[in-house]
Amino acid sequence: MLDLKLLRQDPEGVADRLRKKHFEFDVARFLALDAERKRAETESQTLQSQRNQAARQVGVLIKQGLSVDEAKAQVADTLRTIDERLEAAVQQTRTAQQQLDELLMAVPNLPADRVPEGADETANAEVLRWGEPRAFDFEVRDHVDVGQRLAGLDFDAAAKLTGSRFMVLEGQVARMHRALIQFMLDTHTTRHGYREVYVPYLVNADSLRGTGQLPKFEEDLFRLEGDSGYYLIPTAEVPVTNLARDRILEADELGEHGVKLVCHTPCFRSEAGSYGRDTRGMIRQHQFEKVELVQLVRPEQADAALEALTGHAEYILQALELPYRKVLLCGGDMGFAAAATYDLEVWLPGQSQYREISSCSHFGDFQARRMMARWRNPATGKPEYLHTLNGSGLAVGRTLVAILENYQQADGSVTVPEALVPFMGGLRALTPG
RNA sequence: GGAGAGGUGGCUGAGCGGUUGAAAGCGCACGACUCGAAAUCGUGUUUACGGUAAUCCCGUAACGAGGGUUCGAAUCCCUCCCUCUCCGCCA
């Protein structure tokens, strides 16, 4: 959610900045709603104040010796006058507040100044390339073929068990999938200083509103039947960031460099509207594993934290010796809640292109304001909004894809990246048969 | 699933219809005392929104959430949520 004060001070300026995100902010409607809210609220508060005074007067009169009925009679006229207006005023306040909330909850975050203009991924700015795509002296297979030759990847079985966009992993491939999770978690906890957390995979609507998936993007989510109101998490970002919801962290809880959390969870996405895209293979699945990095930091540390967090994700790619590039997303390609986003794209020889494997974002106080995640600034003694960040470190399924494709050999085997060998019980290659 | 207890400020914990946003204690902050510290004493210490640009001031709201009764609700009633204890069941 954007800062109401900023919106009031400079609605046109905000609308202008939102255009970079290809969002049209209805300034006139906002101003009208806000004016009505203020009018209704002022009126109902004044009436309520008068009403409280009258009620208190009854108590005072009774203490002075009047009977209850006599005391009530003295304020009856005043109360009648107030009540004629009060109920309507309260209702108007509620309606106006609700409409304003609905409007604001649907407004995306402002992009940072350095975010490039542009409508889609073609306008993203490449920041760096790391590693050389390998030259193959045989015909390159994509991960589906590689995985199936290893008897490790079975989409037919998954389709039978559930449906499309699911997978079954077996044998050494399943083990490598698990090894990747361990490797990532161990690296981020021991090398990068993150604290590991385990969280629910089902969350309520408040949590999804907090991080920004609701109310606008309900169609991307799996919602449970029944009256629990629970949703399957689309990313660990939701439960992990919401740990700070409705909290005021003391400075010592926040620590000098903020709170850094790492969490492995499955992620569930409906992929509504992606029909026909990435239908082959395990690039786009309804269920996939991800190791997520989340940081809660002081505002002035947020920019540096995004660089650091992205670096932590990059380290995994580097340790696995997977060629990748880093891009700064343009306004039109960014997520709803983000102020700035780096995508890491890994080289996939099977597709001869770079594909997203991590998305690292800085949300400013946008999520924190939605979820009332604050910290007490010792300098002012007042609660202030935290700044939140998160990024994949990494998407596990896509990392497996990248290894299968980049490390494939002519004989159908797949070399295990050196860094992963200890997590594979010393196994150095995945072999067919 | 059965039976019971309970949800109040950073924490412990009173209040059970009337200036109670809330006693007391702890914690914390500031001040005094001190060479300094401890101890002691004093003062202060919830949050959101609005009046306003304002850390002062004023108002409204909030004692799990939502409704109701009442001139007046933390206190009474209803519904829901959550926590704890015992029994049963269970990874």
Any salt bridge linking [X] with [Y]? Criterion: basic side-chain nitrogen under 4.0 Å from a carboxylate oxygen.
X	Y	result
A:Glu384	A:Arg376	no
A:Glu36	A:Arg39	yes
A:Asp77	A:Arg80	yes
A:Arg51	A:Asp83	yes
A:Arg165	A:Glu271	no

For [N] and [M], measure between their [atom1] atoms and round to the nearest Å.
N	M	atom1	value
B:G51	B:G42	P	40 Å
B:G6	B:G10	P	24 Å
B:G88	B:U79	P	30 Å
B:G72	B:G21	P	16 Å
B:A22	B:G13	C1'	12 Å
B:C87	B:A29	C1'	49 Å
B:U75	B:C56	P	30 Å
B:U19	B:A73	P	11 Å

### Message
If you assign A:Leu4 and A:Glu250 each to the RNA chain B nucleotide with the nearest heavy atom, which residue ends up on the more 5' nucleotide?
### Response
A:Glu250
### Query
Quick one: on RNA chain B, does A:Leu79 or A:Gln97 contact a more 5' nucleotide (nearest heavy atom)?
A:Gln97
### Task
Report which part of the nucleic acid A:Arg94 touches: base, sugar-phosphate, or nothing (heavy-atom distance under 4.0 Å, all strands).
sugar-phosphate
### Message
Regarding A:Arg8, tell me which of base, sugar-phosphate or nothing describes its non-hydrogen contacts under 4.0 Å with the strands shown.
### Response
sugar-phosphate
In whole angstroms, how far is the [atom2] atom of [N] from the [atom1] atom of [X]?
X	N	atom1	atom2	answer
A:Asp246	B:U46	CG	C1'	14 Å
A:Arg370	B:A48	CZ	P	19 Å
A:Asp101	B:A48	CG	P	16 Å
A:Asp206	B:A65	CG	P	13 Å
A:Glu253	B:C28	CD	C1'	14 Å
A:Ile248	B:C28	CD1	P	18 Å
A:Met371	B:A48	CE	P	17 Å
A:Leu86	B:A61	CG	C1'	13 Å

## Note on the structure
Closest heavy-atom pair, A:Leu386 versus A:Ala244, reported as atoms and distance to 0.1 Å, is CD1-CB, 4.4 Å
### Query
If you take all heavy atoms of A:Ser359 and A:Asp343, which pair is closest and at what distance?
OG-OD1, 2.8 Å
### Query
For residues 31-62 of chain A, which residues have at least one heavy atom under 4.0 Å from RNA chain B?
A:Arg37, A:Lys38, A:Glu41, A:Gln45, A:Gln48, A:Ser49, A:Arg51, A:Asn52, A:Ala55, A:Val58, A:Gly59, A:Ile62
### Query
Hey, can you pull the residues of residues 66-78 of chain A with a non-hydrogen atom under 4.0 angstrom from RNA chain B?
A:Lys72
Check residues 6-16 of chain A and write down every donor-acceptor pair under 3.5 Å in which the side-chain atom is one partner and the other belongs to a residue at least two apart or another chain.
unit_1  : atom_1 : unit_2  : atom_2 : d
A:Arg8  : NE     : A:Asp34 : OD1    : 3.4
A:Arg8  : NE     : A:Asp34 : OD2    : 2.8
A:Arg8  : NH2    : A:Asp34 : OD1    : 3.1
A:Asp10 : OD1    : A:Gly13 : N      : 3.0
A:Asp16 : OD1    : A:Arg19 : NH1    : 3.2

### Query
A:Gln367 pairs by side-chain hydrogen bond (donor to acceptor under 3.5 Å, both in side chains) with which of A:Arg209, A:His387, A:Glu237?
A:Glu237
### N or O in side chain of A:Arg376 less than 4.0 angstrom from B:U47 OP1/OP2
yes
### Message
On the nucleotide B:A29, are OP1 or OP2 found under 4.0 Å from the side-chain N or O atoms that A:Lys382 carries?
### Response
no
Which donor-acceptor pairs under 3.5 Å do the side chains of residues 144-157 of chain A make with protein atoms, sequence neighbours left out?
unit_1   : atom_1 : unit_2   : atom_2 : d
A:Asp145 : OD1    : A:Arg280 : NH2    : 3.1
A:Asp154 : OD1    : A:Asp156 : N      : 3.1
A:Asp154 : OD1    : A:Ala157 : N      : 2.8

### Task
Over 60° means perpendicular and under 30° means parallel, so classify the ring planes of A:Phe423 and A:Phe183, tilted if in between.
perpendicular
### Query
Which of parallel (below 30°), tilted (30 to 60°) and perpendicular (above 60°) describes A:His192 and A:Tyr194?
perpendicular
Expected list for residues 166-176 of chain A: side-chain donor-acceptor pairs under 3.5 angstrom, two or more places apart:
unit_1   : atom_1 : unit_2   : atom_2 : d
A:Gln172 : OE1    : A:Thr431 : N      : 2.9

### Dot-bracket encoding per residue of RNA chain B, Watson-Crick/G-U cut-off under 3.5 Å, | denoting interstrand
((((((((.[[[..)..(.....]]]((((((.......))))))((((((.....)))))).[[[[[..)....]]]]])))))))....
